[in-house]
Amino acid sequence: MRDTQIKRIIEAALMAADTALGISHLLRLFEPDAEKPTHEQIKKAITVLQEECKDRGIELRRVASGYRYQTCSDVQPWVARLWQEKPPRYSRALLETLSLIIYRQPVARGEIEQVRGVSVSSHIIKTLLEREWIRVIGHKEVPGRPALYGSTKQFLDYFNLQSLHELPDLAELAGTDQFRLDTPAYPELDLPEPEEDSKIHLRVVTDSG
Amino acid sequence: MRDTQIKRIIEAALMAADTALGISHLLRLFEPDAEKPTHEQIKKAITVLQEECKDRGIELRRVASGYRYQTCSDVQPWVARLWQEKPPRYSRALLETLSLIIYRQPVARGEIEQVRGVSVSSHIIKTLLEREWIRVIGHKEVPGRPALYGSTKQFLDYFNLQSLHELPDLAELAGTDQFRLDTPAYPELDLPEPEEDSKIHLRVVTDSG
Amino acid sequence: MGIDSSLQQRPQTELPFAVVKGQPMTDPPADLYIPPDALEVFLDAFEGPLDLLLYLIKRQNLDILTLPILQITQQYMEYIKLMRELRLELAAEYLLMAATLAEIKSHMLLPKPVAGHDEEDPRSELVRRLQEYARFKTAATQINELPRMYRDIFNVSVIQSECEYERPKPDIDLTEMLHALREVVQRARMFASHHIRREPLSVRDRMSRILRILNIEDFVEFNRFFNADEGRGGVIVTFIALLELVKGRVIKLVQSEPFAPIYVKPAVKGPLEREDD
């Protein structure tokens with residue numbers, strides 16, 4: 001492979017990646033190729049790319065975890081205005097996915113898709129994981145071993161909640177009168193005060209002799 | 001402000017943004033400045049930046065909602081290896097429904113069903129709406145007031161288009177008068193999408209001598 | 001009008017309509033010797049009767065404009081017959097098309113009306129529909145071939161220089177999220193098959209908490225999940241949460257012998273798959 005092509009690939013990869021990439025990571029991009037560039041060739045390409053940034057609004061910097069392109073600090077005042085004007089917003093799909101994870105946790109992606117009727121993009125899950133509002137708390141023992149998601153302490157903190165119990169019940173939300181999809185599964189099971197006429201009589205024997 | 005500086009700011013802003021930016025948006029980045037560049041200066045800077053992409057792994061492309069930097073499609077095989085995940089594949093049913101909405105807009109579901117000869121699943125419409133490739137642009141004044149769908153800017157952006165005019169003319173797609181069925185209308189139709197490990201090999205022989 | 005005489009002479013049974021596992025099949029199976037899945041796969045390959053017809057026409061390089069209706073009808077019916085013999089659920093559209101074809105066929109066999117009276121060719125409507133559908137099929141193929149984000153092209157996203165400030169993350173408020181939830185629940189209600197049970201959050205919350213404990217310790221004694229301070233309600237919630245997790249095949253209860261302590265462990269050992277999947 002010619003040096004120009006190696007350089008083009010590395011430039012595109014570093015520009016598209018959302019994290020810094022080390023040289024070994026960049027080498028892996030060529031893994032399946034018959035003709036792989038050497039470590040030195042990659043290094044050389046990076047040096048050339050760095051030189052090409054001269055007089056440009058971006059630079060190719062080396063940070064702890066590898067190389068990454070970033071905007072030059074002197075143009076930052078203008079670039080920052082991109083977000084002042086329009087604060088970024090989350091999509092409806094993300095909000096729905098998050099709320100289902102909160103209320104149906106521990107929940108697998110497939111169940112969310114079933115309720116929503118559309119597939120859940122990996123991007124949404126990634127964003128929620130990155131924000132640390134959800135995390136993987138287990139796996140289902142079915143083919144594919146899907147991850148089960150649950151909420152985090154950071155989620156509670158963000159919404160200024162002490163515990164999930166401060167959230168309204170699903171039934172309340174949907175309007176109790178019309179919300180009768182199914183017989184209420186555990187009608188009497190609202191913590192902390194179970195009703196007296198509870199239908200379930202359960203005695204847990206913790207210490208049987 | 002000197003042209004080099006304008007160019008540097010625009011380069012950095014376009015590279016940092018995750019959506020395409022129009023010229024008026026770019027102009028607003030300079031809003032609070034004493035010395036604002038003109039529309040023409042911005043345009044000129046973009047042209048210079050586009051020229052500078054020659055021989056590089058990225059390009060500055062104009063799509064429906066503005067300008068954006070993107071990786072060149074020829075380096076896709078390497079760049080795609082950055083992510084383990086495969087990009088979603090869309091079914092023929094979804095793509096056919098989408099193409100009907102694109103070419104026939106504003107179009108109601110019933111008309112799509114008429115042309116395709118089968119019912120359109122809600123799942124497909126929902127997926128297209130959620131991807132924001134289509135939207136409801138009105139309602140038909142007939143009983144039931146069915147929704148009329150049309151395409152969006154996001155569709156154009158996603159498919160690397162500046163406007164719908166870049167799509168081939170429907171009439172050209174298969175010459176109306178001389179309709180040749182040997183045109184490769186069925187690229188994948190030798191039992192489309194059989195699973196790799198499918199144990200069943202079914203070939204339908206409609207005409208053996 | 002092309003009636004294919006050879007096709008008519010050829011006995012039905014000599015026409016292999018399918019090759020299954022390399023074996024040509026000349027007989028519609030009396031028993032289910034083609035796995036019905038195979039035909040379902042085959043039928044799934046088509047986007048409906050128009051698509052199936054286009055396929056039949058193309059297979060034989062027939063001219064759509066002089067559509068040899070008898071030949072096509074016969075072949076189409078053969079598929080339909082096969083599907084029905086296999087008791088596959090056949091979409092109504094396929095049967096409707098069969099009726100249309102039969103009607104056109106009978107019109108074709110009728111003597112032509114007196115000259116001067118310009119009656120439309122009975123095939124023309126079907127030909128028009130086939131042409132129209134074929135155009136959109138091609139259009140779909142072309143759209144699929146356009147360079148597409150995240151498949152062929154990728155957005156450049158350069159990090160902002162770290163010295164100034166971090167890029168703001170979107171903010172949401174609780175009511176916004178609850179509103180989204182209400183909508184999705186109400187939408188889901190429209191599908192009768194989906195059940196969002198009216199479950200108190202407490203059970204779901206407890207299920208998550210149990211899993212979090214099991215993330216730290218792999219093997220936890222059953223009793224340890226119960227806290228007497230929570231009262232009867234708490235015990236019930238915990239117990240139901242454990243049962244739900246067992247039912248959902250997320251955890252397992254193990255006991256080495258009768259009356260030995262019961263232990264709880266994750267059903268799946270460790271995150272074997274990518275977590276972001």
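We name chains A, B, ... by the order of the sequence lines, and we start the count at 1 in each one.
In this structure, chain A has a heavy atom under 4.5 Å from the side chain of L245(C), while its backbone stays farther away. Of the atoms belonging to L161(A), it is side-chain heavy atoms, and not backbone ones, that fall under 4.5 Å from chain C. Using a 4.5 Å cut-off between heavy atoms, L164(A) touches chain C through backbone and side chain atoms alike. Only the backbone of A17(A) comes within contact range of chain C, with at least one heavy atom under 4.5 Å from a heavy atom of that chain. If you measure heavy-atom distances from N155(C) to chain A, the contacts under 4.5 Å come from the backbone alone. Both the backbone and the side chain of D171(C) come within contact range of chain A, judged by heavy atoms closer than 4.5 Å. T97(A) does not touch chain C: none of its heavy atoms, backbone or side chain, sits under 4.5 Å away.
No donor-acceptor distance shorter than 3.5 angstrom exists from the side chain of N144(C) to the backbone of A140(C), with no hydrogens or angles considered. Without hydrogens or angle criteria, R204(C) side chain to Q105(A) main chain gives a donor-acceptor distance under 3.5 Å.
Between D3(A) and K7(A) there is no salt bridge, since no side-chain nitrogen of the basic residue lies less than 4.0 Å from a carboxylate oxygen of the acidic one. With respect to the salt-bridge test (charged N to carboxylate O, under 4.0 angstrom), the residues K247(C) and E244(C) qualify. Ionic pairing of K137(C) and E47(C) is not present here: no N-O contact between side-chain nitrogen and carboxylate oxygen is shorter than 4.0 angstrom.
Chosen from D18(A), V142(A), L95(A), the residue pairing most often with chain C at heavy-atom distances under 4.5 Å is L95(A). Between chain A and the residues D173(C), I262(C), L211(C), the largest count of heavy-atom pairs under 4.5 Å involves L211(C).
Under the 4.5 Å side-chain criterion, counting only non-hydrogen atoms from C-beta, V156(C) is in contact with V158(C). Counting heavy atoms from C-beta outward, W133(A) and Y149(A) have side chains that stay 4.5 Å or more apart.
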